[in-house]
There are 2 protein chains.
Amino acid sequence: MRISEKPGAGVVQSVDRALALLEALAESDGGARLSDVARDLGLPVSTVHRLLTTMQMRGFAHHEPHSGRWVIGHRAFSVGETFAHHANLVGPARPILRALRDMTRETANLGVLESEEAVTIAQAESREIKRAIAPPGGRVPILNSGMGKAIIATWPDEAIRNLVERQGLRPMTSRSLGSLEEVMEEISRVRDMGYAVDNEEFVSGMRCVAAVVWSANGEPVAAISVSGLAARVTVARVPEFAGSVVQKAAELSKAISGAA
Amino acid sequence: MRISEKPGAGVVQSVDRALALLEALAESDGGARLSDVARDLGLPVSTVHRLLTTMQMRGFAHHEPHSGRWVIGHRAFSVGETFAHHANLVGPARPILRALRDMTRETANLGVLESEEAVTIAQAESREIKRAIAPPGGRVPILNSGMGKAIIATWPDEAIRNLVERQGLRPMTSRSLGSLEEVMEEISRVRDMGYAVDNEEFVSGMRCVAAVVWSANGEPVAAISVSGLAARVTVARVPEFAGSVVQKAAELSKAISGAA
DNA sequence: TGCCCTTTTTCCACATCGTGGAAAAGACAA
DNA sequence: TTGTCTTTTCCACGATGTGGAAAAAGGGCA
C-alpha cells in the first residue's frame, strides 16, 4: 500500500501519512516491522519511526517489546468501538425513515434506550400531520413507548421484572400498563408478533408501532417506529403498519452491520 | 480535554493533535461540532477543521450531513477491530458474555494480557448500572485486576515473581496487593478456588470475579469476568457469581477449541 | 568471545508544510 | 430583510516536519 496519492489540497501531510500507517498496521497480520512498513508506504524509515512513536504515546500504536513489531494500539480499539454507538445509526437510518414515512404517510422514528428511557434520535415527519409523540431528543418512559417495549422484549424476563421494580410504572393514560402482570403479558405479545404497539399509552389519541434494530454483535441497539393519530393509525391497520416497520427495521439492522 | 500537554520531544504535533481529536470525538456522545471540539482542545477552529477534513478523507472521521456533527468514521472502527488478533476470541465470546450478563445482571467482560497489562477486549454492559472498571480497550495493571490474576495464576511461581519484580506493584486502593508475599498468597488462593477476585483493588467500590479461558493448545489466553458495584457484588455473593463465571469461562474455552 | 550484517533510534540543517488570523460563505431565527 | 451564529476558504509567516546520515542496538555465525 504505497502512499502514492499526492496529498490532496487542504490535507495535512503528516496526519494523512499517520492514518495510512495505521491502516498498514491493521492489514499486516501479527504486526509489522518498522522498515517493512516504511518500504511498503514508500517513506523514509526515520519519518515512519517518528510517526509511530507519536502514535505510541497516545496508545494508537504499540510496540511489542518481544517481537519488536508494531501493532495497532488499544486506544485505536477503544476509539473505534464508539463508532458502533448510535451516532452512526442516524446516518444510515435517515433514508430508511424517509422511505417508511412515505410508505405509511405517518411519522417515522428511530429511538434508543438511554438511562432507562426511550429517546427519539431521528425522525422523518409525516407530511400531512405535524404531530409527534416525542420530537428528536424527546424522552418517553420505556414501558409507555412502542420503541421501548420492542427493545426490552429482547431482554430476559428477569431483567424486565427488575426494570419494572426499579423504576415502577407510570400510567399516563387510561390504557397505560398498570401492573407487572400486564407488562409481562404485553411483552409476550410483542415477542409473538415481532413488533410492539403503543396503544395510546403515552398520549391518548396517538398510536405507534415499533420493531427492534439489531447491531452487528447481536445487541438490540435501537428501534424504529411509525406513530400517528389513533384516528389514522387504527387498530385494524396496525398489522399493515407493522409489516412496513418490521421490514425497515431489518433493513437498518443489515445496513449498520454490513457497512464496514 | 485540553491538549495542554506540550508536545513531547520527537512527537509530530499535527499527528498528536489529530489523535487527541479522535479521542475527543469518541468521548462526545452523538458527535461533536467543529467549534465545540476546537474550544475543548484549545485549538483554533481552522486548525481543527483542517485536521478533521484530513481524517475524513481517510474515513477516520465522518461529517454527519444533517446534524453537521463530526463523529468517528468507519475506518477507525475497522482499524481498531484488528487490535485483537484475538478477533477469533471476541466472536464466540459475545453471546456468552451476554448470557453471563443476563445471569448476573452485572457487566460481563472478556480480557487478555497485552504487554503486561490486562486489557478488556469485549464487554456486555449491565442493563442497570452503566459503570465499568474498564471500557473495551481499557487497561488495568495485572495484579490489580481479577482477569489478570486469573490468568497469571496459571503461570509458574517463578514467572509471577519475575513479573512482580519487573513491574513492581501499584497499590491503587487501600486493598491493593502491596507485597510479593501478599501476591503469592493471593495467587495460591486463586489456584485453590479456581477463580480470582478483585476486591476493590483497582477502584474502590468496584468488585470483580474472574476465571481463566484456555485455548485449544492449553494456553491461558484470556479471562472472563463479572464486575459491578461492591454494594451489589457483595463478598457474600462472590461464590454465586464465581459459579456463573467459571461455567461461562469453560464454555468459551470449549467453544474456541471446538471451532476451527 | 569477536565480527559482520541488519534494523532501529537519534540527530540536525533546511525549507516544506502546517499554522492560525481574518475574511468569506452559509445557516438559522427573529 | 438584518443580526448572530457556525463552517469553510485563503494566505503569508515561520515554526515544524522532513529525511539523509550517523550512531546504537540486536542477532547470527564462526
Side-chain angles (χ1 to χ4, degrees), chain A residues 2-22 24-25 28 30-58 60-71 73 94 123 125 130 135-137, chain B residues 2-22 24-25 28 30-58 60-71 73 115:
Chain A
R2 285 226 133 213
I3 196 161
S4 50
E5 305 134 51
K6 53 241 76 170
V11 162
V12 180
Q13 186 188 63
S14 50
V15 172
D16 190 58
R17 288 171 166 187
L19 298 180
L21 198 40
L22 275 183
L25 290 187
S28 80
R33 299 186 325 168
L34 171 60
S35 48
D36 292 338
V37 262
R39 186 172 19 73
D40 288 355
L41 295 177
L43 294 173
V45 269
S46 58
T47 298
V48 172
H49 182 256
R50 191 165 356 92
L51 293 173
L52 282 174
T53 50
T54 300
M55 298 198 289
Q56 182 183 35
M57 307 216 73
R58 290 227 171 244
F60 280 76
H62 176 71
H63 197 198
E64 283 291 334
H66 301 283
S67 61
R69 301 190 163 233
W70 290 88
V71 294
R94 280 201 212 271
Q123 193 167 68
E125 272 194 332
K130 301 285 168 104
Chain B
R2 286 227 131 212
I3 197 164
S4 49
E5 304 134 51
K6 55 239 84 180
V11 162
V12 181
Q13 185 188 64
S14 50
V15 172
D16 191 59
R17 289 172 166 186
L19 299 179
L21 198 39
L22 274 183
L25 289 188
S28 80
R33 298 185 326 169
L34 170 60
S35 48
D36 291 339
V37 260
R39 185 173 19 74
D40 287 356
L41 295 177
L43 294 173
V45 268
S46 58
T47 299
V48 172
H49 182 257
R50 191 166 355 93
L51 293 173
L52 282 174
T53 50
T54 301
M55 297 200 289
Q56 183 183 34
M57 308 216 72
R58 291 231 171 240
F60 281 76
H62 175 71
H63 197 196
E64 285 286 333
H66 301 279
S67 61
R69 299 188 165 236
W70 289 89
V71 295
S115 49

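Per chain, numbering begins at 1; letters A, B, ... match sequence-line order.
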Rounded distance [0.5 Å steps], OG1 in B:T47 versus CG in B:L41:
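The distance works out to 11.0 Å.
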Distance check, rounded to the nearest 0.5 Å: A:R39 atom CZ versus A:L34 atom CG?
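Here the interatomic distance stands at 11.0 Å.
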Do B:L52 and B:M55 touch side chain to side chain, with heavy atoms closer than 4.5 Å?
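Contact flag for B:L52/B:M55 side chains = yes.
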What nitrogen or oxygen pairs link the protein and nucleotides 16-23 of chain C at under 3.5 Å?
unit_1	atom_1	unit_2	atom_2	d
C:dC17	OP1	A:Q13	NE2	3.3
C:dG18	OP1	A:Q13	N	2.3
C:dG18	OP1	A:S14	N	2.8
C:dG18	OP2	A:Q13	N	3.3
C:dT19	OP1	B:Q13	OE1	3.2
C:dT19	OP1	B:R17	NH1	3.4
C:dT19	OP2	B:R50	NH1	3.0
C:dG20	OP2	B:R17	NH1	3.1
C:dG20	OP2	B:T47	OG1	2.8
C:dG20	N7	B:S46	OG	3.0
C:dG20	N7	B:R50	NH2	2.8
C:dG21	O6	B:S46	OG	3.2

Rounded to the nearest angstrom, tell me the gap between atom [atom1] in [X] and atom [atom2] in [N].
X     : N      : atom1 : atom2 : value
A:R39 : D:dG19 : CZ    : P     : 17 Å
B:H63 : D:dT7  : NE2   : C1'   : 8 Å
B:R69 : D:dT6  : CZ    : P     : 12 Å
B:W70 : D:dT6  : CH2   : P     : 17 Å
B:R33 : D:dT6  : CZ    : C1'   : 7 Å

Strictly distance-based, threshold 3.5 Å: is any side-chain N or O of B:T54 a donor or acceptor partner for the main-chain N or O of B:R50?
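Yes, the answer is positive, given that a donor and an acceptor are paired below the 3.5 Å cut-off.
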Which of these passes side-chain contact (heavy atoms from CB on, under 4.5 Å) with B:V48: B:V37, B:D36, B:T53?
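Filter result, single survivor: B:V37.
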Got a sec, which residues hit side chain to side chain contact (heavy atoms under 4.5 Å, CB included) with A:S46, two or more places apart in sequence or on another chain?
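For A:S46 the side chain to side chain contact (heavy atoms under 4.5 Å, CB included) partners, ignoring immediate neighbours, are A:P44.
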Indicate the ring-plane relationship of B:W70 and B:H49, choosing parallel, tilted or perpendicular according to the 30° and 60° boundaries.
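Plane angle over 60°, so perpendicular.
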It should be established whether B:H49 places a side-chain nitrogen or oxygen under 4.0 Å from OP1 or OP2 of nucleotide D:dT8.
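Affirmative; the distance criterion is met.
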If every non-hydrogen atom of B:A61 is compared with every non-hydrogen atom of B:L25, which pair is closest and at what distance?
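Shortest heavy-atom contact: CB-CD1, 4.3 Å.
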How sharply is the helix from C:dT1-D:dA30 to C:dA30-D:dT1 bent, taking the axes over five pairs at either end and rounding to 10 degrees?
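One end's axis against the other's: 50°.
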